[in-house]
Amino acid sequence: QKIHAPGDDRERDFRFLSLMRRLIVWRLGAVLLGIVLLAGSVGGWYFASCVSAETLDAAAVMALMRASNHHAEAGGTPAAQSGDPNAADLSPLGLTLVDSRTRHPNVIGRIDILDYRNAEGEPVVLLSSPAPFASDKPHWSAQRVGDVRLLMWTFDGTRYVLAGRASTRGLMRAADA
């Protein structure tokens, strides 16, 4: 027969409670670390996928220069492209879609470029990029870069830039539409 001292049960209970506290703290720490890692990865995805307004503006100027060079080399208006289901129909405004393409300025980011021509063959480009957390600004704002006019707006989680020479017919009507 073994005789237990009255403190043995308390010491065993104390060790058990101490072990349980450490286990709970460790699990809580693991959960918090998981939350921090998840938030970091979601934030990283967001910043990697977003195209800044400045980048979109620069891409619009470059796309317009490229379209202008193709216009000068071709010596006329390129053939109209068959209907792109994602393209805005600007034909009632006198603009015909001649090319559409997608650029990726970073690993996840996307810029859709639609190249239009007016009746004189002058280029007008419409760029769009997802901007899920940007606030809507449905009325366009304008900016000039030399003789290039950039008309920008944000609507329904998408940022848009319409670019053309300041003298291009149909540019302002397209922005209003």
Side-chain angles (χ1 to χ4, degrees), residues 38-177:
L38 179 64
S41 62
V42 168
W45 168 83
Y46 169 72
F47 286 111
S49 67
C50 285
V51 176
S52 70
E54 293 80 15
T55 301
L56 195 61
D57 290 349
V61 171
M62 289 187 291
L64 183 64
M65 294 303 136
R66 179 176 184 249
S68 296
N69 288 341
H70 282 241
H71 172 66
E73 291 171 4
T77 305
Q81 181 182 16
S82 60
D84 182 342
N86 299 320
D89 183 18
L90 300 179
S91 57
L93 304 171
L95 297 174
T96 305
L97 180 67
V98 296
D99 188 24
S100 64
R101 59 194 177 280
T102 300
R103 295 285 181 245
H104 298 279
N106 55 35
V107 177
I108 303 173
R110 184 183 91 231
I111 298 175
D112 295 319
I113 303 170
L114 301 172
D115 187 354
Y116 294 91
R117 295 292 190 275
N118 66 8
E120 291 82 25
E122 299 170 309
V124 173
V125 294
L126 175 62
L127 282 74
S128 63
S129 181
F133 299 110
S135 59
D136 281 358
K137 296 176 187 169
H139 191 315
W140 54 264
S141 61
Q143 167 179 330
R144 285 185 80 148
V145 179
D147 66 339
V148 173
R149 180 165 288 167
L150 300 175
L151 307 162
M152 296 116 357
W153 68 95
T154 304
F155 182 71
D156 199 25
T158 304
R159 187 174 283 131
Y160 298 92
V161 176
L162 185 68
R165 303 254 180 241
S167 61
T168 301
R169 288 186 190 195
L171 178 66
M172 300 308 289
R173 285 181 295 162
D176 289 337

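The structure displayed is predicted, hence computed values, not measured ones. Heads up: numbering here begins at 1 and tracks the sequence.
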Please examine the side chains of [Y] and [X], heavy atoms only from C-beta on, and report whether any two atoms are closer than 4.5 Å.
X      : Y      : value
His139 : Phe155 : no
Ile113 : Thr102 : no
Met152 : Lys137 : no

Exam field: side chain [X] to backbone [Y], donor-acceptor pair closer than 3.5 Å:
X      : Y      : answer
Ser68  : Leu64  : yes
His104 : Gly109 : yes
Asn118 : Gly94  : no
Ser129 : Arg110 : yes
Thr168 : Leu171 : no
Arg159 : Val51  : yes

Enter the distance from [X]:[atom1] to [Y]:[atom2] here, rounded to the nearest 0.5 Å.
X      : Y      : atom1 : atom2 : result
Gln143 : Leu151 : CD    : CG    : 10.0 Å
Leu97  : Leu90  : CG    : CG    : 8.5 Å
Leu56  : Ser128 : CG    : OG    : 8.0 Å
Arg101 : Ile111 : CZ    : CD1   : 11.0 Å
Arg103 : Thr55  : CZ    : OG1   : 15.0 Å
Trp140 : Met172 : CH2   : CE    : 3.0 Å

Worksheet entry | Steps toward side-chain hydrogen bond (donor to acceptor under 3.5 Å, both in side chains) verdict (Asp156, Thr158) | CA-CA 6 Å; Asp156 199 25; Thr158 304; over 6 Å; no
Worksheet item: Between Arg117 and Asp115, does at least one N-O distance fall below 4.0 Å, as a salt bridge requires?
Response: yes
Worksheet entry | Leu162 versus Ala175, closest heavy-atom pair with distance | CD2-N, 3.5 Å
Worksheet, complete the sentence: For Gly170 and Leu95 the tightest heavy-atom approach is O-CD1, 4.0 Å
Discussion item. Is there a side-chain contact (heavy atoms from CB on, under 4.5 Å) between Leu126 and Tyr116? Walk through the geometry before answering.
Written reply: CA-CA 8 Å; Leu126 175 62; Tyr116 294 91; 4.2 Å; yes
Worksheet, complete the sentence: By side-chain hydrogen bond (donor to acceptor under 3.5 Å, both in side chains), Ser141 pairs with (sequence neighbours left out) none
Fill in: side-chain hydrogen bond (donor to acceptor under 3.5 Å, both in side chains) evaluation trace for Asp136 with Thr154
CA-CA 5 Å; Asp136 281 358; Thr154 304; over 6 Å; no
Worksheet item: Under the side-chain contact (heavy atoms from CB on, under 4.5 Å) criterion, do Arg169 and Glu120 qualify, and how do the steps go?
Response: CA-CA 8 Å; Arg169 288 186 190 195; Glu120 291 82 25; 3.9 Å; yes
Worksheet item: Going through the checks in order, is the side-chain contact (heavy atoms from CB on, under 4.5 Å) test met by Leu150 and Val148?
Response: CA-CA 7 Å; Leu150 300 175; Val148 173; 4.1 Å; yes
Discussion item. Run Val61 and Arg66 through side-chain contact (heavy atoms from CB on, under 4.5 Å) and show every step you take.
Written reply: CA-CA 9 Å; Val61 171; Arg66 179 176 184 249; over 6 Å; no
